[in-house]
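Contents: one structure, followed by commentary.
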Amino acid sequence: MLRIMSKFVGALAAIGAASVAQAQEAEPALLQFDQYQVRPTSPQGVTVDEVRGQQELVLSRASAMLEGIAFSEGVIEFDVAFENKRGFGGLMWHASDTGDAEYFYMRQHKSGLPDAGQYTPMRGGLTSWQIFSDANAIAPFPYTYDGWNRIKFVIADDKADIYLNGSPEPILHVPDLATDRGSGGIGFRTSGPNGKIRIANLTIRGLAAGEGIVGRPKQVASPPPGVIPTWRVSEPFAESRIENVLSLPGDLEMLSAERLVQAEPTGIADIGRLVQPDEGADTVLVSTRIDSNAARQVRLRFGYSDRLRLFLNGRLVFDGAAGFRSRDFFFLGTVGFKDVVVLDLREGPNVLTAAVSETFGGWGFAAAIENDDGLAIRP
């Protein structure tokens with residue numbers, strides 16, 4: 001259902017801006033774009049131009065929200081044009097004034113490549129593209145750089161189908177919209193060194209008779225056996241407090257850890273569901289208790305983003321970095337069960353603690369014990 005509210009609350013600060021307070025202070029003027037009013041979330045980077053009698057909404061490393069619209073289910077279509085240069089831009093929907101949204105963006109420079117277009121949830125303005133990176137989140141969209149691309153979103157039943165240039169089938173089907181908001185605002189966002197897009201002929205409407213989701217989920221790899229499904233998460237702190245340590249500092253062990261995060265269907269826990277990184281508070285402790293009926297060694301398969309110190313019973317067993325370009329120019333830092341460490345469990349209770357630090361792209365941790373016979377695992 002598409003419904004128009006008397007007023008949409010706020011301007012989705014924290015998306016392309018630093019805070020709700022800053023967005024409210026700036027209060028950029030509304031822009032008229034066809035039948036819609038647009039509110040930029042920052043003072044610069046958003047214009048409405050008229051070119052040969054057609055209005056174009058232009059965003060350059062900026063974001064903007066449509067004023068007075070709350071969207072739940074329906075169709076969103078528009079023409080979009082951009083250059084073949086490294087940049088990122090796309091559509092937000094089900095957006096809140098605290099920076100939560102569903103987001104699909106185009107990698108402008110990757111036409112036809114496997115990750116030319118990507119879906120990711122946004123939580124507090126933080127994108128989680130390093131966590132949502134399988135074939136149900138990315139697809140090889142074949143863009144044109146000679147004129148306009150027509151992009152169409154069909155959104156219903158907590159799913160989305162995304163079409164390009166009249167494709168008979170959706171190029172990307174998103175089987176689960178991960179923010180689980182169900183409704184909210186609509187906006188556009190661009191980023192990256194050449195993140196500039198032009199938008200025209202925007203239409204937003206309800207579903208027509210017989211119209212709906214037709215895409216089907218792609219077959220993707222299942223998480224390995226023994227995935228730990230629930231983690232206890234501490235309050236955030238500065239990464240500097242955990243650097244170069246060989247054991248977990250006692251003052252950090254005492255941090256409050258009352259919140260729980262459930263792993264996504266992929267087996268990866270999206271820490272951004274609970275907290276977003278901030279200057280001086282970019283690290284959390286993610287922990288679980290492992291009760292073993294005997295002393296034993298087990299293999300722990302795990303993945304993370306962006307940096308990790310892993311402790312068993314307070315002793316450091318792994319220290320690594322897997323953020324964007326942390327290993328080489330082409331390294332993306334997507335999260336999977338790619339690393340293995342051997343845990344020396346003692347008989348009785350053991351505590352596994354991961355200090356996970358985040359810069360951008362997804363605050364994630366995943367772990368699975370390959371042979372969990374004789375083990376009881378609980379957060």
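Since we're looking at a predicted model, the values are computed, not measured. All values below come from the heavy atoms of this structure, side chains included, with hydrogens, waters and symmetry mates left out.
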### Message
Using the rule given for salt bridge (Lys or Arg N to Asp or Glu O under 4.0 Å), can you reason through Glu370 versus Arg301, listing the C-alpha separation, both sets of side-chain angles and the distance that settles it, and then say yes or no?
### Response
CA-CA 7 Å; Glu370 292 184 353; Arg301 187 173 294 278; 2.9 Å; yes
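- From Leu126, atom CG reaches atom CG of Asp278 across 11.5 Å, with rounding to the nearest 0.5 Å.
- One finds a salt bridge joining Asp291 and Arg289 here, because a Lys/Arg side-chain nitrogen approaches an Asp/Glu carboxylate oxygen to under 4.0 Å.
- Under a hydrophobic clustering in which Ile, Leu, Val, Met, Phe, Trp and Tyr are joined whenever their side-chain heavy atoms come within less than 4.5 Å, directly or via other members, Ile377 and Leu343 fall into the same cluster.
- Heavy-atom minimum distance, Leu345 versus Val298: CD1-CG2, 3.8 Å.
- Closest approach of Pro28 and Arg39 over heavy atoms only: O-NH1, 3.1 Å.
- Side-chain contact between Phe88 and Phe82 is absent, with no heavy-atom pair separated by less than 4.5 Å.
- Of the charged side-chain nitrogens involved, at least one lies within less than 4.0 Å of a carboxylate oxygen, so that Glu239 and Arg309 count as a salt-bridged pair.
- In terms of heavy atoms, Ser305 sits closest to Gly362 at OG-O, 3.0 Å.
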### Task
Give the C-alpha distance, both sets of side-chain angles, the deciding distance and a yes or no for salt bridge (Lys or Arg N to Asp or Glu O under 4.0 Å) between Lys110 and Asp115.
CA-CA 7 Å; Lys110 288 197 168 188; Asp115 59 346; 2.9 Å; yes
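- Leu177 is not listed as a side-chain neighbour of Pro121, based on a closest heavy-atom distance of 4.5 Å or more.
- Distance check, rounded to the nearest 0.5 Å: CG of Leu274 to CD of Glu235 gives 13.0 Å.
- In this structure, Ile186 CD1 and Ile76 CD1 are separated by 3.5 Å, a value rounded to the nearest 0.5 Å.
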### Task
Walk me through it: do Phe318 and Phe311 pass the test ring-ring contact (aromatic ring centres under 6.0 Å, His included)?
CA-CA 7 Å; Phe318 178 86; Phe311 301 87; over 10 Å; no
#### Entry: side-chain hydrogen bond (donor to acceptor under 3.5 Å, both in side chains) between His109 and Asn84, intermediate numbers included
CA-CA 5 Å; His109 51 300; Asn84 185 7; over 6 Å; no
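- Between Ala116 and Gly112, the shortest heavy-atom contact is CB-N, 4.0 Å.
- Under the 4.5 Å side-chain heavy-atom criterion for grouping Ile, Leu, Val, Met, Phe, Trp and Tyr, Val38 is connected to Ile204 within one hydrophobic cluster.
- Between the side chain of Asp344 and the backbone N or O of Gln297 there is no donor-acceptor pair closer than 3.5 Å.
- When each of Asp270, Thr266, Thr334, Asp176 is checked for a side-chain contact (heavy atoms from CB on, under 4.5 Å) with Phe132, only Asp270 meets the rule.
- At distances below 3.5 Å, at least one donor-acceptor pair connects side-chain atoms of Arg327 with backbone N or O atoms of Ala321.
- Panel note: side chain Thr283, backbone Ser357; no donor-acceptor pair is recorded below 3.5 Å.
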### Query
Could you walk me through whether Phe78 and Phe188 pass the ring-ring contact (aromatic ring centres under 6.0 Å, His included) check?
CA-CA 11 Å; Phe78 54 90; Phe188 298 93; 5.2 Å; yes
### Query
Does the side-chain hydrogen bond (donor to acceptor under 3.5 Å, both in side chains) test come out yes or no for Ser292 and Glu347, once each step is laid out?
CA-CA 5 Å; Ser292 177; Glu347 183 178 358; over 6 Å; no
### Query
Which is it for Asp161 and Phe153 under the side chain to side chain contact (heavy atoms under 4.5 Å, CB included) test, yes or no, and what are the steps along the way?
CA-CA 6 Å; Asp161 284 342; Phe153 295 76; over 6 Å; no
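- For Arg273 and Trp363, the positive end is not near the middle of the six-membered ring at less than 6.0 Å and at most 45° from its axis.
- In this structure, Arg189 contributes its side chain and Ala62 its backbone to no donor-acceptor pair below 3.5 Å.
- Panel note: side chain Asp157, backbone Lys159; no donor-acceptor pair is recorded below 3.5 Å.
- Phe365 is linked by a ring-ring contact (aromatic ring centres under 6.0 Å, His included) to Trp231, counting only residues two or more places apart in sequence or in another chain.
- A cation-pi arrangement is absent between Arg307 and Tyr304, since the terminal nitrogen or guanidinium carbon is not both under 6.0 Å from the aromatic centre and inside a 45° cone about the axis.
- Residues Ile155 and Ile213 are not in side-chain contact: their nearest non-hydrogen atoms beyond the backbone lie 4.5 Å or more apart.
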### Task
For Phe302 and Phe337, run ring-ring contact (aromatic ring centres under 6.0 Å, His included): C-alpha distance rounded to whole Å, both residues' side-chain angles, the deciding distance at 0.1 Å, then the answer.
CA-CA 5 Å; Phe302 64 96; Phe337 294 83; 9.3 Å; no
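- Phe104 pairs in a ring-ring contact (aromatic ring centres under 6.0 Å, His included) with only one of the listed residues (Tyr119, Trp93, Phe141), which is Phe141.
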### Candidate pair Phe237 and Leu255, rule side chain to side chain contact (heavy atoms under 4.5 Å, CB included), full reasoning
CA-CA 9 Å; Phe237 58 92; Leu255 284 178; 3.4 Å; yes
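- Not one N or O on the side chain of Thr47 forms a donor-acceptor pair closer than 3.5 Å with the backbone of Asp49.
- Judged purely by atom type and a 3.5 angstrom limit, Gln276 uses its side chain to pair as donor or acceptor with the backbone of Gly272.
- A donor-acceptor pair is defined here as one N or O able to donate and one able to accept, closer than 3.5 Å; such a pair exists between the side chain of Thr144 and the backbone of Asp146.
- Ion pairing of Arg150 with Asp79 is present here, as a side-chain N (NZ or NE/NH1/NH2) and a carboxylate O approach within less than 4.0 Å.
- Panel note: side chain Gln108, backbone Asn194; a donor-acceptor pair is recorded below 3.5 Å.
- If you take CD on Gln37 and CE on Met65, they are separated by 14.0 Å, rounding to the nearest 0.5 Å.
- To the nearest 0.5 Å, atom OG1 of residue Thr288 and atom CG of residue Asn350 are 11.0 Å apart.
- Between Gln118 and Tyr103, the closest side-chain pair of non-hydrogen atoms is not below 4.5 Å.
- Transitive grouping of hydrophobic side chains (ILVMFWY, heavy atoms separated by less than 4.5 Å) keeps Met106 and Val58 in distinct clusters.
- Considering all non-hydrogen atoms of both residues, Ala135 and Lys218 come closest at O-CG, 3.6 Å.
- Put simply, Phe360 and Val335 are part of two different groups of oily side chains (I, L, V, M, F, W, Y) that touch within less than 4.5 Å, one to the next.
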### Task
Determine, step by step, whether Ser63 and Thr41 satisfy the side-chain hydrogen bond (donor to acceptor under 3.5 Å, both in side chains) criterion, reporting the C-alpha distance in whole Å, the side-chain angles of both residues, the deciding distance to 0.1 Å, and the verdict.
CA-CA 6 Å; Ser63 59; Thr41 61; 2.5 Å; yes
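- Two different hydrophobic clusters hold Ile228 and Val351 under the rule that ILVMFWY side chains link at heavy-atom gaps under 4.5 Å.
- Between the side chain of Asp328 and the backbone N or O of Phe331, at least one donor-acceptor pair lies under 3.5 Å.
- For the residue pair Leu285 and Ala355, the shortest heavy atom distance occurs at CD2-CB, 3.7 Å.
- A salt bridge is defined here as a Lys NZ or Arg NE, NH1 or NH2 lying under 4.0 Å from an Asp or Glu carboxylate O, and Asp251 with Arg241 meets this definition.
- Screening Glu77, Glu169, Glu211 against Lys152 for a salt bridge (charged side-chain N to carboxylate O under 4.0 Å, His left out) leaves a single residue, Glu211.
- The CG atom of Asn201 lies 9.0 Å from the CD atom of Glu56; values are rounded to the nearest 0.5 Å.
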